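If you're wondering where the values come from, they're calculated on a predicted model, not measured in any experiment. Below, read A as the first sequence line, B as the second, and so on, with proteins coming before strands; counting in each chain starts at 1.
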Amino acid sequence: MNEYAIQKRKERIKFTIVSVISLCVFFGVWYVCTAVLHLKPDYVLPSPVQVVEAFIQKLTQTNPDGATLFGHIAASLQVALTGYLLGAIVGVPLGIAMAWFRRIDLFVTPLFDLIRPVPTIAWIPLMILWFGIGLGAKAAIIFVSAFVPCVINAYAGIKQTKPVHLWVAQTFGASRREMLFTVAIPTALPLIFTGLRISLGTAWMTLCAAEMLASNKGLGYMIQLNRSLARADLIVVAMLTIGLIGTIFTVGLNALEKKFVKGGRRG
Amino acid sequence: MSKNDEILVKVSHMTKKFGDLLVLNDISFDVRKGEFMCVVGPTGCGKTTFLNCLTKLGVYQLTSGEILINGEPVDLAKHNVSYIFQEYSAFPWQTVEENVAYGLKIKKWPKDKIEKQVSEMLDMVGLTEYRKYYPSQLSASMLQRVSIARAFATQPDLLLMDEPYGQLDNSLRYKLEDELIKLWQHTGTTVIFITHNIEEAVYLSERILVLTNKPTGIKKEIVNDLPRPRDVTDVAFNKLRDEVTDLIKWW
Amino acid sequence: MKKKRFDPEKTIYAVVAIACFFVLWWFLTTFTPVKNTTPDPIAVLKLLFESFYTPIGSKVITGHLLVSLRRVLVGFGVATVLGIILGIAMGTSKWASAIFKPIFELLRPIPPIAWISLVILFFGIGETSKYILCGIGAFTNVTLNAYTGAQNVDPELVGCARMLGTSERDIFFRVVLPSCTPQIFAGMQVALSTSWMAVLAAEMVGAQEGCGWMIQRGSDTLNITLVMVGMIVIGLVGMLLATLMRAIERRLCSWNIMEG
């Protein structure tokens with residue numbers, strides 16, 4: 001290894017150590033403020049130790065909020081994935097159709113633009129009134145939040161199709177349908193995947209809100225109920241779990257995207 | 001190249017207006033089967049419009065006149081036409097061999113024939129070892145070779161080429177031109193080749209169509225029967241080249 | 001970007017589509033069982049107009065709007081300033097990055113809404129927690145974008161400035177900051193809509209006024225008409241905020257706008 005590489009490596013190690021120290025300081029300060037100085041009561045801000053204890057406890061106990069941690073996770077995942085898959089299955093083909101068929105575009109886009117500005121959260125009360133508190137309402141809310149990015153990205157993806165590529169297909173005698181499936185959709189795949197990734201993110205985020213207001217199971221519910229029970233430690237456990245699963249989704253989808261979207265990044 | 005007098009493409013009074021703008025003005029000519037014809041003209045004189053009209057792509061419906069291939073109006077599903085564009089048109093999401101096979105798949109060739117044809121074409125353009133590569137990994141000349149292999153693979157009756165070598169440097173151009181002649185002689189396809197490079201036109205063609213400025217019409221048809229292989233330093237070559245150049249100057 | 005050419009076909013389809021939508025809505029709510037649960041469009045519009053002079057709760061609709069907007073703007077404003085500072089610091093200084101990035105990455109995946117319970121426990125149901133929640137919503141996006149923007153500042157520009165003898169302070173304010181602006185604005189747009197959502201959620205959970213409270217009130221009193229009016233207003237405001245941001249961006253970053 002030459003001089004430069006060695007120096008770079010030393011630098012990287014130095015900064016990694018700084019990061020580790022920083023994290024330790026963060027947890028340290030947190031611990032001191034709570035367990036030692038008791039700046040705020042336990043039920044408002046737990047210490048890191050309490051959070052870990054609560055986590056371990058939650059792995060097996062259903063108290064006090066009705067399910068173990070995994071029970072909540074399962075409930076949340078069930079709702080999130082149902083709404084998400086529905087949103088994707090309806091949204092992606094709709095986006096494709098809107099971009100490919102001019103008539104559909106002219107008719108549907110104005111309606112879509114009407115619905116789009118309303119934030120997903122604002123749909124929650126309406127869905128509760130229509131569907132009651134249960135899987136239906138929650139899935140419907142998440143459907144709306146996943147649906148919009150899927151449509152937008154699928155639409156943009158198809159619109160990106162290069163005229164040259166369509167002409168190539170045309171000179172070979174391809175029918176309009178063949179052009180859609182052999183040229184337009186492959187071109188759109190990267191953006192469709194982006195849409196799928198974004199909508200999983202929004203679906204997961206909306207899930208929190210949906211569960212806080214319309215549920216009796218799940219991570220969002222866990223956060224909400226434990227507020228009234230003043231169990232801040234469980235709240236933090238739920239928050240961190242939500243964050244962790246969200247990250248897993250993002251990393252997973254990124255990996256899938258790399259595998260299935262051929263041709264690499266264009267250009 | 002044996003002269004086959006059978007006419008493949010018959011263009012009669014081809015006229016094209018974009019709104020009020022007259023671009024192509026009453027053009028008539030024939031192209032014989034297996035012929036290599038070059039079309040030259042001053043820059044911006046409507047050469048690409050000319051070529052696009054021949055295949056009625058997209059907006060390019062003729063305002064009046066007709067184009068017959070083998071006696072019938074042009075129909076891309078029926079007639080076997082291939083087109084090589086000026087821009088790079090290989091599909092970035094497919095490998096080289098998938099690209100070359102594309103036309104064959106659309107035309108529903110049987111699978112084993114497709115494989116054989118693809119291998120043969122890749123071999124003729126020298127891309128066999130790159131068959132699993134993606135376009136983003138290839139150089140400019142390789143990309144054009146992919147387009148050429150793809151165009152020839154369907155054994156087209158008519159091949160239209162729109163300044164395909166315009167963006168390559170000279171040594172590459174010479175190489176690709178020789179490859180093109182080889183492919184043409186091997187397959188017997190009829191070729192209409194557009195270029196603004198007169199040396200290229202004289203090198204490749206059996207007949208040169210010189211277009212005028214807008215509104216575009218045919219200025220002159222020149223027969224080019226220099227023997228092959230042609231030599232750019234040859235006296236006769238340069239005489240023909242000067243003749244064509246003079247026709248293009250617009251003062 | 002769309003060209004501003006007036007397209008009659010497009011307008012006709014749009015008008016027809018929206019008309020169909022309203023007709024269908026009216027039809028379903030007048031002649032089918034749905035009419036027991038959902039109000040017809042006329043009732044909704046009536047309530048919408050009434051709400052401008054008849055208070056819902058303690059305020060008329062514009063009052064609620066202003067309350068929600070105030071909360072958003074305060075939280076968003078503070079978070080943006082902090083976010084830009086932190087983001088640029090992390091992007092330009094390896095030390096800042098090493099110290100702050102791990103904590104940031106730890107907290108980032110937690111959606112702002114998930115913070116609601118903790119924040120309310122900590123700060124109560126007052127205005128502070130609303131500001132903080134809006135702030136959290138905005139902070140992550142702005143910081144991330146400022147960070148990427150600062151990282152991508154063309155080192156040649158900085159080198160040039162340095163060579164010409166510019167002070168470090170000026171380099172920051174006149175080279176780095178302007179370079180990052182488009183990226184920061186992109187982040188701010190997303191952040192604004194996240195803040196808007198956060199304030200709605202916060203108001204739905206624990207508030208006495210504001211747009212989110214209004215909708216929740218409608219839900220609690222089984223007043224779907226009110227819920228729908230709320231949704232319409234919220235949607236309109238969201239659109240306005242987004243348009244405003246785009247207009248400001250065009251003013252400040254006109255050198256970077258890409259056409260088409």
Side-chain angles (χ1 to χ4, degrees), chain A residues 92-93 95-96 99-103 105 153-197 253-267, chain B residues 48 51-52 54-60 74-96 98-109 132-138 143 146-148 150-162 164:
Chain A
V92 172
I96 293 179
W100 188 249
F101 298 107
R102 186 170 153 76
R103 291 261 163 79
D105 191 357
N153 280 279
Y155 182 89
I158 298 275
K159 282 286 179 189
Q160 259 189 0
T161 309
K162 287 205 171 140
V164 178
H165 293 153
L166 288 173
W167 291 343
V168 168
Q170 209 173 356
T171 39
F172 283 129
S175 66
R176 195 99 176 118
R177 194 162 151 269
E178 279 171 319
M179 286 199 274
L180 174 63
F181 282 99
T182 58
V183 179
I185 292 184
T187 312
L189 271 181
L191 269 181
I192 291 181
F193 253 93
T194 308
L196 287 176
R197 191 165 32 94
L253 269 183
N254 273 334
L256 270 178
E257 185 173 354
K258 276 213 184 83
K259 187 159 175 250
F260 282 111
V261 181
K262 283 191 278 207
R265 289 288 144 87
R266 243 266 93 205
Chain B
T48 305
L51 208 58
N52 288 335
L54 283 179
T55 51
K56 295 195 181 150
L57 289 177
V59 291
Y60 296 90
V74 175
D75 179 356
L76 288 171
K78 217 186 327 172
H79 296 124
N80 209 345
V81 179
S82 280
Y83 199 130
I84 297 183
F85 298 86
Q86 221 170 4
E87 320 160 51
Y88 299 127
S89 60
F91 296 148
W93 59 87
Q94 289 186 325
T95 56
V96 166
E98 284 168 346
N99 263 290
V100 174
Y102 180 74
L104 302 171
K105 287 220 182 86
I106 296 280
K107 295 197 186 279
K108 308 212 186 338
W109 280 34
K132 302 265 186 221
Y133 279 51
Y134 284 99
S136 56
Q137 298 165 303
L138 301 177
L143 281 176
V146 173
S147 301
I148 291 172
R150 179 174 61 185
F152 272 103
T154 55
Q155 294 176 337
D157 301 317
L158 178 61
L159 178 60
L160 306 169
M161 301 177 77
D162 185 2

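Both the backbone and the side chain of A:Thr187 come within less than 4.5 Å of a heavy atom of chain B. With a threshold of 4.5 angstrom between heavy atoms, B:Ser89 approaches chain A through its backbone and through its side chain.
Residues passing the side chain to side chain contact (heavy atoms under 4.5 Å, CB included) test with B:Glu87 are A:Val164, sequence neighbours excluded. A search for side chain to side chain donor-acceptor pair (under 3.5 Å) contacts involving B:Thr95 returns B:Glu98, not counting sequence neighbours.
With contacts defined as side-chain heavy-atom distances shorter than 4.5 Å, the pair B:Tyr83/A:Trp167 does not qualify.
Across all their heavy atoms, B:Trp93 and A:Val183 have their closest contact at CH2-O, 3.4 Å. Nearest heavy-atom pair across B:Ser82 and A:Phe172 is OG-CE2, 3.5 Å.
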Problem - Worked check of side chain to side chain contact (heavy atoms under 4.5 Å, CB included) between B:Lys105 and A:Thr182 - result: CA-CA 10 Å; B:Lys105 287 220 182 86; A:Thr182 58; over 6 Å; no
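The distance from the CD1 atom of B:Ile106 to the CD atom of A:Gln170 is 11.5 Å, given to the nearest 0.5 Å. The OG1 atom of A:Thr171 sits 10.0 Å away from the CG atom of B:Leu159 when rounded to the nearest 0.5 Å.
At most 12 heavy atoms of other shown residues, nucleotides or ligands fall within 6.0 angstrom of atom OH in B:Tyr133.
The aromatic rings of B:Phe91 and A:His165 sit perpendicular to each other, their planes meeting at more than 60°, with 30° as the lower class boundary.
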